[in-house]
Amino acid sequence: MQTPAKVLLIEDDVRLAERTAEYLQGHELAVEIAGDGELGLARALSGEFDVILLDLMLPRLDGLEVCRRLRQRSALPVIMLSARSEEIDRILGLELGADDYLPKPYSPRELVARIRAVLRRAVPSPEGPTSSLRCGPLVVDRARRRVEVAGAACDLTAHQFDLLWLLIEARGQVLSREQLHQRLRALRSQAPGTYDPSVDRSIDVQLSKIRGTLAAADARAAGLIRTVRGVGYVLDDTPEGAA
């Protein structure tokens, strides 16, 4: 029998946490509840869990700070849950390394689907013809979720890895921010959604961070991801301006 995936639910609303845990446990997921940010962070760093469900408004340490500290030490998948609908919260959550963001009130069925999607992305897939792609000194291995530049491993968040994979998979093709957003949803087994222009800034920030990480590993990678003004982004190893 397959061992159930272990979920850490960091939520201070006791009734909501208990109802959510009961539903998830009925769908072959093992759940532990942490009622505040400090306890949640400590448990998240224990290495015992497969995915974190993280509320934003928590006592002792808020969800954004929990995510920030967790990302300094772990690539564990994080789904943020929040009743706060301001776009800045969604943007900050993704910029800090969250893998997904689900506003409250949420459908328990959708939550299960989101959990399964991030777990699929976190588990190496069987080797296949497109599991590893190269562009100049850059190699992106989807099966192992590993990025190397000139043989040096690069540390990216799960969200950043997915963006980079989409770009290298479409090497030489200019992708708009909306295309990247919708392809990210498809990669995460989510239905196409109405495009929210507020994600533009998040995509820009994440790609800027990816560029910095690649360039820090090898200067030759600095220009692999280029901005095409008024259109979007392209990844290739042709000299900028050549076409």
Side-chain angles (χ1 to χ4, degrees), residues 67-68 71-75 77-78 87-88 90-101 118 121-122 124-125 127-188 192 195-243:
C67 187
R68 186 187 70 80
R71 277 294 170 261
Q72 292 175 344
R73 300 171 59 184
S74 171
V78 173
E87 69 179 47
I88 188 63
R90 298 195 301 274
I91 291 170
L92 283 174
L94 293 172
E95 288 179 356
L96 289 171
D99 299 88
D100 206 347
Y101 189 106
V118 299
R121 298 200 305 274
S125 59
E127 291 290 340
T130 61
S131 67
S132 181
L133 297 175
R134 176 183 292 274
C135 181
L138 171 67
V139 177
V140 183
D141 188 330
R142 187 179 182 186
R144 295 187 298 159
R145 294 190 69 82
R146 181 179 175 86
V147 175
E148 294 183 354
V149 175
C154 295
D155 186 17
L156 299 179
T157 68
H159 184 61
Q160 290 167 358
F161 180 92
D162 289 343
L163 273 173
L164 184 60
W165 174 259
L166 291 177
L167 285 171
I168 198 168
E169 189 178 38
R171 173 179 169 178
Q173 176 185 349
V174 180
L175 298 179
S176 69
R177 294 170 180 83
E178 181 172 1
Q179 285 176 310
L180 285 168
H181 173 68
Q182 298 295 1
R183 292 187 187 195
L184 278 173
R185 292 184 65 86
L187 193 63
R188 296 167 179 176
Y195 182 62
D196 181 352
S198 68
V199 304
D200 281 1
R201 178 172 178 268
S202 177
I203 288 174
D204 291 343
V205 169
Q206 293 301 324
L207 287 173
S208 177
K209 291 181 177 179
I210 294 169
R211 282 168 165 160
T213 301
L214 300 184
D218 191 295
R220 292 176 297 164
L224 289 178
I225 301 174
R226 302 202 309 272
T227 304
V228 180
R229 184 168 298 180
V231 184
Y233 292 92
V234 61
L235 185 149
D236 63 35
D237 57 356
T238 60
E240 188 167 0

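This is a predicted model, so every value here is computed, not measured. We number each residue from 1, following the sequence as shown.
- Side-chain contact between Glu169 and Val140 is absent, with no heavy atoms from C-beta onward closer than 4.5 Å.
- A salt bridge is defined here as a Lys NZ or Arg NE, NH1 or NH2 lying under 4.0 Å from an Asp or Glu carboxylate O, and Asp99 with Arg71 meets this definition.
- The side-chain heavy atoms of Leu214 and Arg211, taken from C-beta on, include no pair separated by under 4.5 Å.
- Partners of Arg183 by side chain to side chain donor-acceptor pair (under 3.5 Å), not counting sequence neighbours: none found.
- Side-chain contact check for Arg226 versus Val174: every heavy-atom pair is 4.5 Å or farther apart.
- Take Asp218 and apply the side chain to side chain donor-acceptor pair (under 3.5 Å) test, not counting sequence neighbours, and it matches Arg220.
- Counting only heavy atoms from C-beta outward, the side chains of Thr213 and Val147 never approach each other to under 4.5 Å.
- Taking both residues in full, the closest heavy atoms of Arg177 and Asp204 are given as NE-OD1, 2.8 Å, listed atom of the first, atom of the second, then distance.
- The shortest distance between side-chain heavy atoms of Ile225 and Leu164 falls below 4.5 Å.
- The shortest side-chain heavy-atom distance between Phe161 and Arg146 does not fall under the 4.5 Å cut-off.
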Problem set entry | Stepwise salt bridge (charged side-chain N to carboxylate O under 4.0 Å, His left out) check, Asp162 with Arg142 | CA-CA 9 Å; Asp162 289 343; Arg142 187 179 182 186; over 6 Å; no
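- Residues meeting the side chain to side chain contact (heavy atoms under 4.5 Å, CB included) test with Val139, sequence neighbours left out: Ser132, Arg134.
- With sequence neighbours excluded, the residues satisfying side chain to side chain contact (heavy atoms under 4.5 Å, CB included) with Ser176 are Glu178, Gln179.
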